[in-house]
Amino acid sequence: MTTSWPGSGSEPGSGFEPSDGSASAAFHRFHPEVQRWIYDSGWEHLRDIQELAAPGVLAGERDLVLSASTASGKSEAAWLPICSVLRRELDAGRRPLGVQTVVVSPLKALINDQYQRLSDLCDRVGLPVHRWHGDVPGSRKALVLRAPSGFLLITPESLEALFVRQGTEIGRLFGDLRYVVIDELHSFIGTARGAQLQSLVHRIELRIRRRVPRIALSATLGDLSAAAEFLRPGAGREVEVVAADSDAGGDVRLQVRGYLMADPPAPTHADRIADDVFATVHGGDNLVFANSRAAVEEYADLLAQRAAAAGNRTEFLAHHGSLARELREDVEARLRDPDRQVTAVCTSTLELGIDVGSVDAIAQLGAPLTVTGLRQRLGRSGRRPGRPAVLRVYVWESRTCETSPPPDALRGELFQTVAMVELLLAGWYEPPHAAGAQLSTLIQQILSVTAERGGERADRLHRDLCRNGPFTSVNRSVFAQLLRDLGRHDLLRQDADGVLLPGGRGDRLVNHHSFYAAFRTSTDHRLVAGGRSIGTLPVQRPLLPGTLLIFGGRRWRVVNIDPERRVIYLTPSDSGQPPSFAGNGGETADEVRMLMRDLYLSAEVPRYLDPVARQLLAEGRKQFHRHGHATQQLFDWRGEALLFPWRGDRIMNTLLVVLASHGWTVGQDGLCLTVHDLRAVDLWEVLADLARTPPPDPVDLARTVRVQTREKHDHYLGDDNLALAYAGRSLDVPGTWDLLADLARLPPPVDPPSRGGSVGEDT
DNA sequence: GACCTGCTGCGGCGTG
């Protein structure tokens with residue numbers, strides 16, 4: 001079969017073929033204007049994901065998960081067939097009566113980027129594109145409300161605001177909806193924001209009284225069937241999963257570099273790493289990822305000092321979520337500027353698909369937090385044809401001696417890094433955790449529905465949000481208790497007919513803009529220097545005038561604090577310290593910790609390790625065997641029993657809660673749990689006893705935890721529902737009892753761990 | 001010890 005170009009007929013067989021050499025079937029099914037746009041864009045062929053996705057999207061019946069690597073043309077795989085369908089309807093004389101495609105995206109910056117790209121296509125095809133988020137002027141939003149049509153690119157929070165503020169308009173706005181597209185699906189799965197998104201999409205379908213096909217896009221889905229189930233709760237099996245692996249991309253150059261922390265006053269590991277990063281990144285544009293905002297500030301400062309001392313023209317700029325938007329956008333603009341050499345030191349702010357131009361190399365400082373994040377970071381480079389993706393991971397370990405506790409001798413940072421790189425190379429990503437009942441987000445959605453509908457009956461709320469909606473695990477009795485909790489806090493009240501309405505406090509909550517986000521944020525202090533806001537800082541301890549700070553890559557002294565208005569006034573200074581930020585980290589997965597143990601037991605040396613990293617690998621293995629980890633998981637250490645479960649943080653947390661509920665004083669120290677005033681052999685007995693008892697009810701176990709609140713509206717929950725929410729979010733009782741069964745099969749620990757000489761002296 | 005994401009309506013002011 002040959003391909004002839006529409007209109008011209010002059011380019012038969014112009015190479016419009018998928019990479020297997022067969023003629024493109026999809027191209028011929030697109031509308032001629034879409035075909036012309038593809039041709040004018042200079043594409044030689046459709047990408048695999050575009051070829052594979054086209055029939056399903058064109059049919060417009062089934063839900064689809066489109067999974068393909070970064071920069072593989074996933075967005076266009078949805079847009080091209082959707083534009084074809086919508087344009088054919090225009091040709092047939094059908095005028096749209098509302099928005100035809102909603103694209104929900106997790107970031108404003110992604111929406112802005114996609115708006116540009118989609119507008120180029122839609123201008124040709126004759127379809128309008130609108131964007132709607134917090135930075136879009138109200139006048140533009142008013143235009144959409146007046147004449148809704150075409151594509152609407154929107155955040156979940158703005159969609160929430162539409163339901164609350166324009167509740168009566170939802171049916172008119174979306175009455176003609178043909179597709180719902182969800183971009184970067186992985187960023188929503190298993191989160192409060194994801195439950196909110198499921199609810200909002202479901203609520204659109206409820207209002208227009210029909211099902212709308214959903215199309216989800218992602219490059220890093222750890223579990224495709226879980227993604228399908230998330231996309232259409234209760235009917236994941238009917239979702240078509242389209243995965244294209246063949247575009248998985250070009251060369252990857254990867255190195256793990258090890259450092260052994262020197263004793264003071266020798267140069268610190270940070271100085272040595274900054275020297276090495278500086279030596280490798282000058283020239284071109286680079287991204288340096290750190291694991292905390294404080295580390296970003298520290299390294300941006302160290303690198304800028306080196307550039308200044310060397311008279312180097314590379315700019316080193318900090319980029320993280322607490323910096324003012326103007327400062328961040330300035331960094332992004334400089335990265336895009338081809339005349340500047342810019343290295344951004346950043347947190348996960350630059351991890352997702354924000355277009356910052358072509359990046360030459362990626363540095364990761366410290367062990368990666370997740371495989372998914374590492375993959376996204378790697379995907380920021382190598383986006384130009386013929387250029388490899390370059391990733392250098394910098395890992396440092398402390399010098400240890402015989403008084404160091406056993407976990408430090410194991411070189412856990414290095415082994416975690418190697419485990420994550422191996423999982424990355426194997427194409428594995430963290431599967432979503434069960435998130436439990438998501439009661440905090442359910443509270444938000446109950447209040448939102450009552451606002452949208454001007455009041456609603458309890459049975460209908462349960463039917464729409466739980467029985468037929470995304471909060472399926474919430475039964476009538478939990479729901480009834482939840483409504484009583486909300487009544488007690490004056491969030492809801494009931495009128496004489498039994499209709500639930502927002503109470504006084506609920507009314508204030510819903511009518512404040514902070515209501516639209518499902519996730520919790522801290523109360524930040526604004527940092528002001530020279531009359532300009534330079535960012536925000538979550539302050540945990542009182543900050544005194546005179547305190548020195550490094551922020552935005554510059555040094556400051558605190559001159560004054562306004563606690564009422566939560567403003568911190570700064571003046572430039574010659575010295576400073578990185579600020580401390582509050583935060584709750586992610587969870588390390590079971591698979592990572594289990595692979596770490598396999599790596600200790602193995603003798604293989606990955607080729608991507610530099611000499612010091614190899615040495616740390618050898619030391620870690622030596623200590624692993626010397627301490628008896630190959631056959632034991634329980635050890636004595638200075639009056640404490642140590643337990644190495646080699647499982648993820650959720651199981652470690654569950655085990656900690658179980659032991660604490662039996663009266664033991666338990667802590668977590670990286671890879672191990674520490675139990676005070678107990679011998680290892682006694683802990684072995686305790687664990688064996690536990691393994692013989694039936695697993696506890698997770699909710700009963702959760703009740704023993706002192707602080708169970710974590711999500712935004714958790715503090716409104718009564719004791720029962722709070723424990724239910726905690727259990728679903730933070731406990732894995734079955735996984736923990738599987739582990740206990742394994743531990744009970746181990747021989748009882750006999751000897752205290754051998755106390756060898758100091759580790760790592762020979763560097 | 002660890003990341004990120006989001007936000008309406010309206011009053012006041014200056015300018016064309």
Side-chain angles (χ1 to χ4, degrees), chain A residues 104-112 132-142 145 154-167 183-184 186-194 196-197 200 289-296 298 319-323 325 328 345-354 364-374 376-377 396 398 407-408 412-413 416-417 420 430 441 444 448 451 508-522 524 536 538 540 578 580-588 592 649 652 667-671 712:
Chain A
V104 189
S105 172
L107 294 176
K108 292 188 287 191
L110 279 185
I111 287 178
N112 294 343
W132 186 310
H133 58 62
D135 298 341
V136 174
S139 54
R140 303 295 294 268
K141 296 174 181 171
L145 288 172
I154 194 166
T155 61
E157 289 73 20
S158 283
L159 199 48
E160 187 74 73
L162 265 177
F163 270 100
V164 171
R165 304 265 161 196
Q166 314 282 345
D183 202 7
E184 305 285 2
H186 67 276
S187 72
F188 292 109
I189 299 178
T191 69
R193 208 180 186 200
Q196 176 190 27
L197 176 60
L200 291 169
F289 286 97
N291 287 342
S292 72
R293 286 166 284 189
V296 163
E298 182 183 10
H319 191 285
H320 58 73
S322 292
L323 282 172
R325 186 164 53 87
R328 277 191 279 162
V345 187
C346 54
T347 58
S348 41
T349 41
L350 289 180
E351 185 176 294
L352 278 183
I354 299 171
Q364 161 70 38
L365 306 183
L369 300 173
T370 61
V371 180
T372 306
L374 187 64
Q376 295 280 355
R377 290 172 184 196
W396 54 94
S398 327
D408 291 359
E413 287 279 307
Q416 180 172 322
T417 301
M420 290 197 168
E430 283 83 5
T441 307
Q444 181 205 34
S448 178
R508 286 194 297 279
L509 199 66
V510 170
N511 287 305
H512 192 265
H513 59 78
S514 60
F515 175 74
Y516 309 131
F519 51 88
R520 180 152 92 169
T521 48
S522 55
D524 291 341
T536 58
Q540 310 131 63
S580 64
F581 293 94
N584 39 40
E587 283 183 0
T588 301
V592 172
D649 285 327
M652 286 183 81
Q668 184 179 345
D669 181 6
L671 295 171
K712 187 175 182 181

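All chains are named by letter (A, B, ...) in the order of the sequence lines, taking the proteins before the strands, and each is independently numbered beginning at 1. Side-chain atoms are counted along with the backbone in the values below, which use heavy atoms only and exclude waters and symmetry mates. Source: prediction; values computed, not measured.
Contacts of A:Trp396 classified as ring-ring contact (aromatic ring centres under 6.0 Å, His included), with partners at least two apart in sequence or in another chain: A:His269. By the side chain to side chain contact (heavy atoms under 4.5 Å, CB included) test, A:Thr191 pairs with A:Arg193, sequence neighbours left out.
Rounding to the nearest 0.5 Å gives a distance of 9.0 Å between CD1 of A:Ile111 and CG of A:Asp183.
Minimum heavy-atom separation, A:Glu160 to A:Ser448: OE2-OG, 2.6 Å.
As a whole-Å value, the separation of A:Leu323 CG from B:dT5 P is 10 Å. For A:Arg193 and B:dC3, the CZ to C1' distance is 13 Å, given to the nearest whole Å. Between A:Glu351 atom CD and B:dC4 atom C1' the separation is 8 Å, expressed in whole Å. Spacing between atom CD1 of A:Ile154 and atom P of B:dT5 amounts to 19 Å, rounded to whole angstrom units.
Considering only side-chain N and O atoms, A:Arg328 lies under 4.0 angstrom from the phosphate OP1 or OP2 of B:dT5. At the phosphate of B:dT5, neither OP1 nor OP2 sits under 4.0 Å from any side-chain N or O atom of A:Arg520.
A:His133 and A:Thr155 are not linked by any side-chain donor-acceptor pair at a separation below 3.5 angstrom, with hydrogens and angles left out of the test.
A heavy-atom distance below 4.5 Å is found between the side chains of A:Phe519 and A:Glu157.
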Any chance you could list the contact pattern along nucleotides 7-16 of chain B? Use B for base contacts, S for sugar-phosphate-only contacts and - for none, protein heavy atoms under 4.0 Å, 5' to 3'.
BBS-------

